[in-house]
Amino acid sequence: MRLATWNVNSIRTRADRVAAFLERHGVDVLALQETKCRDDQFPEMVFAPLGYEVAHVGHSQWNGVAILSRVGLDDVTTGFPGMPSWSSKEGVDPAPEARALGATCGGVRVWSLYVPNGRTLADPHLQYKLEWLEALRVAAGGWLAAEPEAPIALVGDWNIAPQDDDVWDMSVFTHSTHVSPAERAAFQGVVDAGFADVVRPLAPGPGVYTYWDYTQLRFPRREGMRIDFVLGSPAFAGRVDGAFIDREERKGKGASDHAPVVVDLTP
DNA sequence: ATGGTTGGACGCCAA
């Protein structure tokens with residue numbers, strides 16, 4: 001089974017590109033982040049003829065996560081237990097955002113995750129990000145404790161560069177989110193709960209990234225960040241026999257600022 | 001070249 005994750009940065013703008021990606025690589029299950037649409041706006045009609053079922057949660061023009069599968073799509077769950085809420089505006093009650101979607105596809109429990117950005121070190125959004133990751137650690141740890149042999153994949157845009165090699169120049173990030181000790185500790189907490197990065201061993205750095213900012217010619221300058229990850233439970237990780245980052249997808253007109261991350265599982 | 005991308009709610013916020 002071939003599983004991929006991709007922060008697509010608007011599914012409506014890039015539906016054709018996503019369809020071409022699915023066909024080109026024979027992807028069975030694709031987790032998407034930043035679909036940037038409501039459920040009723042998701043272009044399911046592009047993917048149904050190709051044989052993919054779609055699960056999506058999107059409340060507005062922000063966030064939005066989906067799972068496309070041609071090997072079954074069961075037990076769809078929106079959000080995880082304990083997931084924090086957020087409101088950017090004073091006077092507006094915090095509510096759960098469209099940042100987590102779970103489904104069982106071909107026997108694998110897949111979670112499409114869009115971790116909050118954090119914005120700046122002083123922004124309340126960073127505290128939200130840390131609380132969100134802590135709640136995920138607790139929830140995912142519980143799933144694994146209940147079913148130690150379950151193949152579970154936590155995939156998506158984690159908005160964290162766990163290692164110095166995961167950015168092109170650490171000196172640029174001295175006062176930035178994504179590399180702070182608190183964020184890295186929150187990421188490590190999920191790893192310590194039993195979920196391993198299954199891609200890094202097969203796509204080692206330095207200089208291997210999944211995201212390049214649209215500005216400052218970051219992509220042609222090869223100035224990127226590794227912030228999109230496939231974290232697998234022991235049963236999942238033990239079945240991984242291939243992985244790559246599709247850097248070609250970042251090229252050309254109409255590219256997302258993220259590249260897809262692809263993992264192959266043995267049957 | 002007095003800017004520098006892109007996307008979505010079309011005026012600015014978010015990344």
Side-chain angles (χ1 to χ4, degrees), chain A residues 5-19 21 31-43 46 56-66 84-92 94-100 112-133 155-162 166-169 172-173 175-180 183 186-187 209-229 245-261:
Chain A
T5 184
W6 191 4
N7 179 321
V8 72
N9 188 12
S10 172
I11 186 60
R12 286 177 290 173
T13 294
R14 257 174 281 288
D16 290 346
R17 206 161 167 142
V18 171
F21 164 76
L32 294 171
Q33 300 85 39
E34 279 211 270
T35 56
K36 288 187 167 175
C37 68
R38 300 186 308 268
D39 292 345
D40 62 286
Q41 297 172 311
F42 193 98
V46 175
H56 176 257
V57 57
H59 305 309
S60 69
Q61 71 273 40
W62 303 124
N63 313 311
V65 286
S85 293
W86 172 257
S87 172
S88 285
K89 291 188 173 179
E90 291 291 328
V92 176
E97 296 188 302
R99 295 182 177 275
S112 181
L113 304 170
Y114 179 43
V115 176
N117 177 284
R119 298 182 182 164
T120 68
L121 291 178
D123 195 295
H125 206 256
L126 180 63
Q127 195 58 38
Y128 169 52
K129 177 181 194 174
L130 296 174
E131 290 168 2
W132 199 96
L133 285 161
V155 312
D157 178 359
W158 293 75
N159 269 316
I160 295 171
D166 296 334
V167 300
W168 76 95
D169 180 358
V172 175
F173 289 84
H175 301 293
S176 301
T177 60
H178 292 60
V179 300
S180 72
E183 288 163 275
F187 182 89
Y209 308 121
T210 66
Y211 163 84
W212 299 259
D213 196 292
Y214 282 128
T215 69
Q216 309 294 136
L217 297 173
R218 291 302 188 206
F219 184 66
R221 292 178 191 273
R222 299 180 173 270
E223 296 173 343
M225 305 170 71
R226 190 200 293 250
I227 57 176
D228 301 87
F229 296 96
I245 297 161
D246 186 13
R247 192 178 179 281
E248 294 299 305
E249 244 330 310
R250 184 59 179 80
K251 295 182 179 177
K253 203 168 181 64
S256 169
D257 43 1
H258 294 251
V261 180

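The figures that follow rest on heavy atoms only: side chains count, while hydrogens, waters and symmetry mates do not.
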Identify the heavy atoms of A:E183 and A:S180 that sit nearest to each other, and give their distance.
OE1-OG, 2.5 Å
Which part of the nucleic acid, if any, lies within reach of A:R14 when heavy atoms closer than 4.0 Å are counted: base, sugar-phosphate only, or nothing?
sugar-phosphate
Rounding to a whole Å, what distance do you find between A:R250:CZ and B:dA15:P?
17 Å
Between atom CG in A:D123 and atom P in B:dA14, what is the gap in whole Å?
9 Å
Please tell me which of the listed nucleotides, B:dA15, B:dA14, B:dG8, lies nearest to the side chain of A:T13?
B:dG8
Can you classify the ring geometry of A:F219 versus A:W212 as parallel (below 30°), tilted (30 to 60°) or perpendicular (above 60°)?
perpendicular
Rounded to the Å, how far apart are A:E34 CD and B:dG8 P?
11 Å
Taking for A:S10 and for A:Y214 the nucleotide of DNA chain B with the nearest heavy atom, the one nearer the 5' end belongs to A:Y214
Quantified in whole Å, what is the P atom distance between nucleotide B:dT5 and nucleotide B:dC10?
25 Å
For A:Q33 and B:dG7, give me the distance from atom CD to atom C1', rounded to whole Å.
16 Å
What distance, rounded to whole Å, do you find between the two C1' atoms, one in B:dA15 and one in B:dG4?
16 Å
Once you measure the plane-to-plane angle for A:Y128 and A:W86, does it fall in the parallel (<30°), tilted (30-60°) or perpendicular (>60°) bin?
parallel
Which nucleotide wins on minimum distance to the side chain of A:T215, given the candidates B:dT5, B:dA15, B:dG8?
B:dT5
Take atom CH2 of A:W86 and atom P of B:dA15, then tell me their distance rounded to the nearest Å.
9 Å
Closer to the 5' end of DNA chain B via nearest nucleotide, is it A:D213 or A:N159?
A:D213
Minimum heavy-atom separation for A:V65 to A:T35, with atom names?
N-OG1, 3.9 Å
Rounded to whole angstrom, note down the C1' distance from B:dT6 over to B:dG11.
16 Å
Please check this pair: side chain of A:R218 against backbone of A:M225, looking for a donor-acceptor N/O pair closer than 3.5 Å.
no
Calculate the interatomic distance between A:F173 atom CZ and B:dA15 atom C1'; express it in whole Å.
13 Å
Grab the CG-C1' distance between A:N117 and B:dA15 for me, whole Å please.
6 Å
Please give, in whole Å, the distance from B:dA14 P to A:Y128 OH?
13 Å
Looking only at the side chain of A:S88 (C-beta and beyond, no hydrogens), which of the listed nucleotides B:dG7, B:dA14, B:dT5 gets closest?
B:dA14
With sugar-phosphate meaning primed atoms plus P, OP1 and OP2, does A:Y114 contact a base, only sugar-phosphate, or nothing at under 4.0 Å between heavy atoms?
sugar-phosphate
